[in-house]
Amino acid sequence: MPRLNSGFRFFHLMTDVWTERHGSGSDGSLVPRCMDPNVLAVAELHLGVAPFTGRHDHVNIQAWTRRFLLCYGVRDCDICSSTSDSGANVKKALSELWPRWVPCAAHTMHLAVKASLGTTPDTATARAARRENPSSSSSLRTRSTNPAAACLLRRGRKIANHFHKSSASVAALNSVPLPGDEDPRMVLTETPGRWGSSYLALVRLFTLMPRLIGFGELPDLTAAQRHQRLGRQEWSELRHLIGVLQPAYEACVAVQSSTFTVADALKLICRLRRTMRLEEFPCPRDFDRPLAVGREDIIKFLADDNGRTDLMELDNRLYRHHSVKVKSSRAVDGLHDGAATFICLIQDELDRWFFNDADASKNWLSNDAVLAATIVTPGGASMLRKAASRAEQDDPIVRARTALLRTAERLLDEDAEVASRQEELERERKRCRTTLVDWESDASRAADAESTAEMVMQELERFVAMHATAIEGGAVDFWSAHGDDYPHLRLVACAVLGAAGSSAASERDFSVAGMVLRKDRASLLPAHVEMHCLIRFNARLVPSDLSAIPVLTQAARSNARADMQPISVDLACSGGSSGDSSLSDSDTVLEPIDEDEGVFF
């Protein structure tokens with residue numbers, strides 16, 4: 001791996017643990033990521049998934065992570081930072097190995113939105129206890145913080161689950177005519193652990209509203225089918241809830257980009273925090289049919305409309321929208337209770353998860369990995385000061401400089417030095433051609449020799465002064481175009497900009513593993529699953545010229561296989577089975593949910 005990335009050993013690790021859907025085993029994913037200093041592009045190295053045996057405690061997670069990385073030649077000292085969800089065991093394991101740990105921004109937004117939508121922390125065990133002992137249900141149930149939104153989502157979940165289980169109801173729903181949008185569609189169900197599924201389920205309900213209303217008027221409906229409808233007030237509440245959920249959904253999707261740096265993630269979080277403090281939100285209007293369906297029709301409509309109509313796109317369809325005040329007044333109606341309560345709660349939740357002054361692990365303004373990457377981003381220093389001022393925290397610039405200086409000092413190590421011997425000789429020759437000393441230095445020429453760290457800090461001061469505002473394209477494009485202007489800071493920037501703000505890359509590994517390990521292939525050997533996933537993400541490394549690949553005879557293949565020494569990443573630990581669950585939220589088995597379960601944003 002270091003050879004594939006030009007010898008650059010400042011990797012940033014994304015990881016997670018996953019429980020198989022059609023089995024009791026567990027698998028883990030590790031995705032090292034770095035910024036190649038030669039091409040100045042972010043590179044993700046998907047290593048596939050590997051079996052994880054034993055309990056999901058931090059000791060086993062640490063041992064498994066080290067062994068898995070060692071299989072690919074990556075040592076502990078090669079990792080600069082790590083990113084994972086907020087699961088307590090994974091967090092503890094990674095932060096002990098590498099202090100620069102970044103919580104997954106997408107997963108954290110998911111938790112903040114779940115809490116703001118009124119979900120309760122009740123487990124399946126608590127719900128079962130309430131069913132067995134109804135008399136004590138009032139004492140066992142945790143009160144929802146947003147009962148109006150929770151009630152609407154519970155009602156929508158019942159409708160979605162009905163159509164998910166009844167093909168006859170789906171056929172009847174698609175038989176209802178909807179001019180301009182005749183394609184058959186399904187009602188979406190929420191999925192545990194899938195970020196944004198609650199928003200997508202609500203949007204699909206809204207875009208199917210004319211059909212759902214027409215479905216309730218069909219003759220010969222069963223009693224269960226007649227109950228699958230929302231009242232006028234519920235439809236209005238749903239529109240308002242879509243309007244306030246859309247910014248969080250957009251931010252959650254954007255932060256999962258494979259090219260996003262952790263500085264980009266911080267900027268997106270700050271934008272979301274500011275958006276959630278606005279006094280009004282755009283919400284879709286009641287409608288009969290969409291104005292345009294599909295990309296081509298939407299582009300054509302926008303060209304013809306020329307900005308005359310307030311529009312918003314939902315589920316690849318275009319609708320009119322209007323701005324709704326958060327608070328009602330005598331002259332203007334505001335958001336309904338569920339949406340208005342969501343706004344109040346999400347403001348506190350974002351501060352609690354991202355700008356928590358009492359918990360350093362939940363404060364991005366005191367995270368060294370975030371600060372170091374942000375300060376080498378154009379306009380990053382200004383953004384840090386402004387974000388700290390709005391969050392009523394101390395100026396983080398001093399800490400950001402210190403974090404960057406530590407990285408620069410680490411680059412002086414022999415194993416991390418990537419400058420060639422020729423470049424060193426050229427710098428020595430330049431020093432031999434001058435007798436002048438710097439005007440700020442001492443009188444002696446020997447005192448003028450500056451360390452690499454000092455030159456990095458000087459270039460940082462010049463960079464911050466000259467690029468105080470953000471530019472189009474972001475940090476990666478900037479350093480690709482202007483890296484030669486800051487030769488020492490450029491390498492440090494490459495070392496810190498590889499840090500990821502989301503562990504979505506590990507989730508993509510699990511998505512591939514889920515497609516490989518289908519229900520009809522649940523008996524695949526773990527080694528075969530690992531190899532399928534590894535090949536899927538790294539097929540580009542195979543030579544394009546197939547003639548360059550050596551062809552072995554059957555005897556040669558048998559001899560080569562017999563000579564192979566297997567590399568195992570299994571843990572020789574006692575206690576616990578492979579099916580033990582983790583405290584990580586992403587370990588949930590993706591199965592359809594019932595109407596009593598929590599909200600999944």
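- Between S81 and A499, the closest heavy-atom pair is OG-CB, 3.7 Å.
- Considering all non-hydrogen atoms of both residues, S503 and T83 come closest at N-CG2, 4.0 Å.
- For the pair N538 (side chain) and L47 (backbone), a donor-acceptor distance under 3.5 Å is absent.
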Query - Criterion side-chain contact (heavy atoms from CB on, under 4.5 Å) on R157 and L153, from CA distance to verdict - result: CA-CA 6 Å; R157 193 177 301 119; L153 288 168; 4.1 Å; yes
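- Under the rule for a side chain to side chain contact (heavy atoms under 4.5 Å, CB included), the partners of T553 that lie at least two apart in sequence or sit in another chain are A555, A556.
- Minimum heavy-atom separation, A160 to T189: O-CG2, 3.7 Å.
- Looking at W101 and S84, their side chains do bring a donor and an acceptor atom within 3.5 Å of each other.
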**Report entry** Candidate pair D264 and K267, rule salt bridge (charged side-chain N to carboxylate O under 4.0 Å, His left out), full reasoning
**Finding:** CA-CA 5 Å; D264 296 328; K267 181 179 180 180; over 6 Å; no
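- Close placement of the F163 and F215 rings is indicated, their centers lying within 6.0 Å of each other.
- With sequence neighbours excluded, the residues satisfying side chain to side chain contact (heavy atoms under 4.5 Å, CB included) with T377 are A263, A475, L497.
- Closest of all the heavy-atom pairs between T207 and R204 is OG1-O, 3.0 Å.
- Judged by distance alone, with hydrogens and angles left aside, the side-chain atoms of S480 form no donor-acceptor pair with the main-chain N or O of D477 at under 3.5 Å.
- Closest of all the heavy-atom pairs between R100 and C80 is CB-O, 3.6 Å.
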